[in-house]
Amino acid sequence: MTFDSVLDHLTARGLLLQTSNADELRAHFATPGQRIYIGFDPTGNSIHVGHLLQVIVLSHLQKAGHVPIIVIGGATGMIGDPSGRSSERTLLTPEIIAENSEALRRQISPFIDFTGPNAAIMVDNLEWTGKFSFIGWLRDVGKHFTVNYMMQKESVRARLEDREQGISYTEFSYMLLQANDFLHLYDTYGCRVEGGGNDQWGNITAGIDLIRKKRGVEAYGMTCPLITTASGEKFGKSAGNAVWLDPEQTSPYQFYQYWIRSDDRDVEKYLKMFTFLPLDEIDAICRAHEQHPEKRDGQKRLAEEITRIVHGADGLAKARTATEIFFGKEIVGLTDKELQAIFADVPSHELPRATLETAPLCSGLLAEADVFKSKGEAKRMIQSGGLYLNNRRITSDAPITREHLATETTLVVRTGKANYHLIRFRQD
RNA sequence: GGUGGCGUGCCCGAGUGGCUAAAGGGGGCAGACUGUAAAUCUGCUGGCAGACGCCUACGGUGGUUCGAAUCCAUCCGCCACCA
């Protein structure tokens with residue numbers, strides 16, 4: 001399958017939801033070397049799979065010969081989006097922003113090329129936004145927007161109608177900052193396209209309008225859909241936590257598992273969006289998957305592809321090894337060293353070896369080791385049949401001795417299908 | 001500035017003096033069935049003990065009472081209407 005325009009390519013993969021002025025944008029992208037900008041707020045030291053989609057869109061565009069501009073929101077990240085938060089955003093120091101930017105660069109580098117003829121560019125919007133005085137801002141930017149216009153934006157209107165939430169003046173101004181970023185990038189790099197998630201549409205069009213008013217030039221916006229999972233859970237969350245790209249925060253195993261557990265109904269969509277497999281190959285995978293959904297070949301392929309890109313062949317290999325062990329039988333005959341390697345990802349807890357001499361009840365031990373918050377919780381888990389030691393189900397709250405250890409020093413605790421904890425007993 | 005209202009467990013939300021560790025729902029966790037999917041069903045969801053029992057908890061503090069989430073005072077926070 002080949003496409004005339006990169007836009008058709010993105011559409012076929014479900015990565016394009018909305019564009020402004022589609023025909024002109026198509027013509028614009030017909031010439032290679034066009035700049036396209038997407039912003040990221042550096043609120044953490046890692047991006048998560050939710051951000052990944054934007055990165056992939058940029059990647060496709062770069063492969064088509066265009067130049068991605070990644071904007072770190074050093075300025076916008078400071079004022080951020082207070083909705084649904086009880087605590088104020090903390091101001092990010094320049095050091096932290098630098099750190100987060102570096103992390104971002106590292107994490108997107110498997111997707112985005114920072115070298116070569118159409119090397120990606122990375123900039124921090126604090127560079128130009130920080131130079132504004134308040135008066136200067138009102139004159140140069142604020143003057144071009146009526147409050148009426150701003151209030152028509154969906155993001156603002158929703159909050160105005162929501163009596164409970166309200167919207168702060170700060171947040172109300174957010175779209176102006178973003179609009180000004182776009183203008184600045186047009187002036188500096190000749191960038192005429194902004195991308196983002198579809199929730200950014202209002203902010204993007206504000207930028208388009210600003211460029212038209214101030215420079216008399218037509219700029220364009222394009223958005224990708226916001227992902228919803230078939231079962232209605234929030235995409236990119238696992239047990240309430242975001243799935244990060246940073247292996248320290250989400251291990252390659254956990255990352256791999258997130259994709260493995262995808263709903264059948266989402267697999268095709270994800271394969272198209274998150275992998276770079278050719279569309280006819282994806283089609284073949286999905287047809288095979290329909291024949292034998294229980295094999296979960298679609299999920300496996302999906303998880304393999306994404307994990308390989310993000311964590312490398314090495315990370316993928318580890319994830320798969322861990323998967324085999326974790327969903328396997330009783331854990332016996334391993335040495336400390338082997339166990340350590342396999343369970344490198346797993347949260348571990350340390351207790352003095354002397355603890356074992358007193359043969360504590362299982363529930364007490366697990367509470368002590370912080371596997372559970374309280375003994376009661378541990379007991380409940382045992383009662384409901386959800387607790388396993390070394391992958392063997394525990395049916396009663398019995399005393400634990402060194403007989404129970406899987407290896408010289410370690411006890412492997414599992415709750416549910418595959419949630420592991422290690423308890424190490426220090427020699428001392 | 002005035003008047004009225006509200007603040008309950010992770011969230012929503014009942015509850016107006018003892019029968020309330022607090023209905024119901026959501027979420028979460030676990031189990032069964034399966035395919036590490038979906039749907040469904042079951043159990044659990046403050047702490048200690050786990051049999052009775054004890055402790056902590058209904059915005060904060062202080063009070064009334066044999067007894068308070070429930071009444072009073074005061075403080076804090078939020079909301080609505082009026083100006």
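Here is the naming used below: chain letters follow the sequence lines, and residue numbers restart at 1 for every chain.
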**OP:** Report the base-pairing partner of B/G67 (Watson-Crick or G-U wobble, both distances below 3.5 angstrom), or none.
**Re:** none
Original post:
Taking atom C1' in both B/G77 and B/C33, what distance in whole Å separates the two?
Top reply: 49 Å
Subject >> Centroid-centroid distance, A/Y253 to A/Y420, less than 6.0 Å >> reply: no
Subject >> Span that lies between the C1' atom of B/A69 and that of B/A14, in whole angstrom >> reply: 12 Å
Detail all sub-3.5 Å separations between protein N/O atoms and N/O atoms belonging to nucleotides 52-57 of chain B.
none

**OP:** Identify the nucleotide, in any strand shown, that forms a Watson-Crick or G-U wobble pair with B/G24, with both distances under 3.5 Å; if there is none, say none.
**Re:** B/C12
Original post:
Considering Watson-Crick and G-U wobble pairs with both distances under 3.5 Å, what does B/A57 pair with?
Top reply: none
**OP:** In whole angstrom, give me the gap between the C1' atoms of B/G47 and B/U56.
**Re:** 7 Å
**OP:** Summarise protein proximity over nucleotides 30-40 of chain B in one line of letters, 5' to 3': B for base, S for sugar-phosphate only, - for none, counting protein heavy atoms closer than 4.0 Å.
**Re:** SSS-BBBBS--
Original post:
Do any pairs count as a salt bridge (charged side-chain N to carboxylate O under 4.0 Å, His left out) and have a residue in residues 300-311 of chain A, sequence neighbours left out, and if so which ones?
Top reply: A/E281-A/R301, A/R301-A/E305, A/E304-A/R320, A/E305-A/R308
Original post:
Given the C1' atoms of B/C58 and B/C10, what is the spacing between them in whole Å?
Top reply: 15 Å
**OP:** Confirm from the modelled atom types if A/K379 and B/G50 form a donor-acceptor pair under 3.5 Å, side chain to base only.
**Re:** yes
**OP:** Using Watson-Crick or G-U wobble geometry with both distances below 3.5 Å, tell me the partner of B/U34, or none.
**Re:** none
Original post:
What pairs meet the ring pair (Phe, Tyr, Trp, His ring centres under 6.0 Å) rule with one or both residues in residues 364-384 of chain A, with sequence neighbours excluded?
Top reply: none
**OP:** Quote, to the nearest angstrom, the P distance that separates B/C76 from B/G24.
**Re:** 37 Å
Original post:
Do A/P360 and A/T355 come close enough that some side-chain heavy atom pair is under 4.5 Å?
Top reply: yes
**OP:** Considering only atom P, compute the distance from B/G2 to B/G9 and round it to an integer number of Å.
**Re:** 31 Å
Original post:
Looking only at atom P, what distance separates B/G59 and B/C12, rounded to whole Å?
Top reply: 13 Å
Original post:
Listed by chain and number, what are the side-chain contact (heavy atoms from CB on, under 4.5 Å) partners of A/H289, not counting sequence neighbours?
Top reply: A/D264, A/P293, A/Q299
Original post:
Do the numbers put A/K213 on top of the ring of A/Y149, so that NZ or CZ is under 6.0 Å from the six-membered ring centre and no more than 45° off the axis?
Top reply: yes
Subject >> Who pairs with B/G77 - Watson-Crick or G-U, where each distance is under 3.5 Å >> reply: B/C6
Original post:
By side-chain hydrogen bond (donor to acceptor under 3.5 Å, both in side chains), which residues pair with A/Q340, not counting sequence neighbours?
Top reply: A/R424
**OP:** Scan every strand shown for a Watson-Crick or G-U wobble partner of B/C29, both distances under 3.5 Å, and answer none if you come up empty.
**Re:** B/G43
**OP:** Not counting sequence neighbours, which residues clear side-chain contact (heavy atoms from CB on, under 4.5 Å) with A/N21? List them please.
**Re:** A/E24, A/E218, A/Y220
Original post:
Does anything in residues 38-66 of chain A pair up under ring pair (Phe, Tyr, Trp, His ring centres under 6.0 Å), and if so which pairs, sequence neighbours excluded?
Top reply: A/H9-A/H60, A/F29-A/H66, A/H48-A/H51, A/H48-A/W244, A/H60-A/F276
Subject >> Assigned partner base of B/A83, Watson-Crick or wobble definition, under 3.5 Å >> reply: none
Original post:
Taking CD from A/Q383 and P from B/G43, how many angstroms apart are they, rounded to a whole number?
Top reply: 14 Å
**OP:** Between B/G7 and B/U70, how far apart are the C1' atoms? Round to whole Å, please.
**Re:** 14 Å
Original post:
Which residues satisfy the salt bridge (charged side-chain N to carboxylate O under 4.0 Å, His left out) test with A/D266, sequence neighbours excluded?
Top reply: A/K269
